[in-house]
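The figures here come from the full heavy-atom set of this structure, side chains too, leaving out hydrogens, waters and symmetry mates. Chain letters run A, B, ... following the sequence lines, proteins first, then strands; residues in each count from 1.
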Protein chains: 2
Amino acid sequence: MSDLTFTSFKKRLKTNGHFATAPRMKLFVVLLNHPNLTIKELIERTSKHDQATAYRNITLFEKLGIITVTKYGWVTRIELTDDFHPHHHHISCTICGTITSLPHSDELENSIDLITKQSDYISQTHKLEVRGICPTCQKANKIDC
Amino acid sequence: MSDLTFTSFKKRLKTNGHFATAPRMKLFVVLLNHPNLTIKELIERTSKHDQATAYRNITLFEKLGIITVTKYGWVTRIELTDDFHPHHHHISCTICGTITSLPHSDELENSIDLITKQSDYISQTHKLEVRGICPTCQKANKIDC
DNA sequence: TACAAATTGCGAAAAAATTGCAATTTGTAT
DNA sequence: ATACAAATTGCAATTTTTTCGCAATTTGTA
């Protein structure tokens, strides 16, 4: 939404030697409005008839730290990184695939920082994924075959 | 390795109405010896000439909570769950893809439990993924294009 | 040992991701 | 504003990954 967000996005492209093209802007706008889409949904919403460009730009965005590519179960999802969307974690349902945000916890974030510092990596991002059964599926008492 | 591990594995299959077949045993043994393989490597090591069975059993194992399927960047990986491999988290390199285990932290685990309880899901598993730059790539001073 | 149900193994098909290349767009320097 | 080189798009074609159908085989139970 904010103008600053776009400026920051364009800047990241340019400082890395890439152009701020129309397809890239569109991809970014869709992600801002839907920060967690399956890759299929994302491609449908951006370039229905040219997956090639979508895939190329998704790959590029990932390299530039604009998005992350994740698999929840068998489904691939694209999310904006913390630089473009407030940092948070998810819990997802192993039965129906629903994804819900978890509340922020300083304690959790501190623990993660601490453990990360003990490695010899330079940390860039992190993500906690909790898997479980959502309230709806609990009630439905579904059994997987 | 331990006999108990196999018993527990077979039990999980049987109690859910599935057979302990040769391809499934092989899949499990390979996973015990290599608890974190790309799906490609896993299929190569188990049923080079019949991906179909591999995929079917990978899907089944996931449903039964024997493995998890994850995407690190653009690469799909298969891991044993905590039930069959000591619980731990990973940090992976955004440049070369190397994966390293993080040390255990009670503090971290407690924070995760706490935040999870605040949701209305029944938690089954969780996984923390840290992404960063590994020592080798730091030295190589590699730049992504 | 025999039987019903589950699973495999194979080829074929569908879906997802990548590639080559001519046409177009972009950023920069006039 | 205009022109140019480099980057990117859009399309079709390919490759890679995943799923499906079905006859033959294997498994658990009685």
Chemist: Distance check needed: C:dT8 P versus B:Ile58 CD1, whole Å only.
Modeler: 12 Å

Chemist: Look at the side chain of B:Arg24 and decide which nucleotide, out of D:dG10, C:dA17, C:dT7, has an atom nearest to it.
Modeler: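 Out of D:dG10, C:dA17, C:dT7, the nucleotide with an atom closest to B:Arg24's side chain is C:dT7.
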
Chemist: Paired with D:dT27 by Watson-Crick or G-U wobble geometry, both distances under 3.5 Å: which nucleotide is it?
Modeler: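 Answer to the pairing question: C:dA4, which forms a Watson-Crick or G-U pair with D:dT27.
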
Chemist: Atom CG of A:Asn57 and atom P of D:dT9: how far apart are they, to the nearest Å?
Modeler: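 Taking atom P of D:dT9 as the reference, CG of A:Asn57 is at 5 Å.
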
Chemist: What's the closest nucleotide to the A:Ala20 side chain, out of C:dG27, D:dT17, C:dT8?
Modeler: C:dG27

Chemist: Taking CD from B:Gln51 and P from C:dT8, how many angstroms apart are they, rounded to a whole number?
Modeler: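 In whole Å, C:dT8 P and B:Gln51 CD are 15 Å from each other.
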
Chemist: On DNA chain D, does the nearest nucleotide to B:Ala22 precede the nearest nucleotide to B:Lys40 from the 5' side, or the other way round? Give the residue.
Modeler: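 That would be B:Lys40.
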
Chemist: Looking only at the aromatic ring of each residue, does the gap between the centers of B:Phe61 and B:Phe9 stay below 6.0 angstrom?
Modeler: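 For B:Phe9 and B:Phe61, the ring centres are under 6.0 Å apart.
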
Chemist: Does the side chain of A:His18 get closer than 4.0 angstrom to OP1 or OP2 of D:dT8 through an N or O atom?
Modeler: yes

Chemist: So, A:His126 versus A:His89, ring centres under 6.0 angstrom or not?
Modeler: yes

Chemist: Using a cut-off of 6.0 Å, state whether more than 12 heavy atoms not belonging to A:Lys71 lie near its atom NZ.
Modeler: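 For A:Lys71, atom NZ is crowded (more than 12 foreign heavy atoms under 6.0 Å).
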
Chemist: Considering just the side-chain nitrogens and oxygens of B:Thr21, establish if one lies under 4.0 Å of OP1 or OP2 belonging to C:dT8.
Modeler: yes

Chemist: Measure CD/A:Glu62 against P/C:dT18 and give the value in whole Å, please.
Modeler: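 From A:Glu62 CD to C:dT18 P: 11 Å.
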
Chemist: Taking atom P of D:dT19 as reference, at what distance in whole Å does atom CG of B:Asp50 sit?
Modeler: 14 Å

Chemist: So, A:Gln138 side chain and A:Ile133 main chain: donor-acceptor pair closer than 3.5 Å or not?
Modeler: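 Yes.
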
Chemist: Nearest whole Å is fine: how far is C:dA17 C1' from A:Leu60 CG?
Modeler: 16 Å

Chemist: Just by distance, with hydrogens left out, do B:Ser47 and B:Thr53 show a side-chain donor and acceptor under 3.5 Å apart?
Modeler: no

Chemist: Would you tell me if any nitrogen or oxygen in the side chain of A:Tyr55 comes within less than 4.0 Å of OP1 or OP2 on C:dT18?
Modeler: no

Chemist: Out of C:dG27, D:dT17, C:dC21, which nucleotide sits closest to the side chain of A:Arg56?
Modeler: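 Side chain of A:Arg56 sits closest to C:dC21.
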
Chemist: To the nearest Å, give me how far apart CE (B:Met25) and C1' (C:dT7) are.
Modeler: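 Between C1' of C:dT7 and CE of B:Met25: 15 Å.
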
Chemist: Go nucleotide by nucleotide along DNA chain D from the 5' end; which of A:Ser47 and B:Ile43 gets its closest nucleotide reached first?
Modeler: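 By nearest-heavy-atom nucleotide position, the 5'-most residue is A:Ser47.
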
Chemist: Does A:Lys71 have a side-chain nitrogen or oxygen under 4.0 Å from the phosphate oxygens OP1 or OP2 of D:dT18?
Modeler: yes

Chemist: Starting from the 5' end of DNA chain C, give me the residue, B:Trp74 or B:Phe19, whose nearest nucleotide shows up first.
Modeler: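 So the residue in question is B:Phe19.
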
Chemist: Take atom NZ of A:Lys14 and atom C1' of D:dA6, then tell me their distance rounded to the nearest Å.
Modeler: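 One finds 15 Å between C1' of D:dA6 and NZ of A:Lys14, rounded.
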
Chemist: Between D:dC20, D:dT9, D:dT18, which nucleotide has the shortest distance from any of its atoms to the side chain of B:Ala52?
Modeler: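 When the side chain of B:Ala52 is considered, D:dC20 is the closest of D:dC20, D:dT9, D:dT18.
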
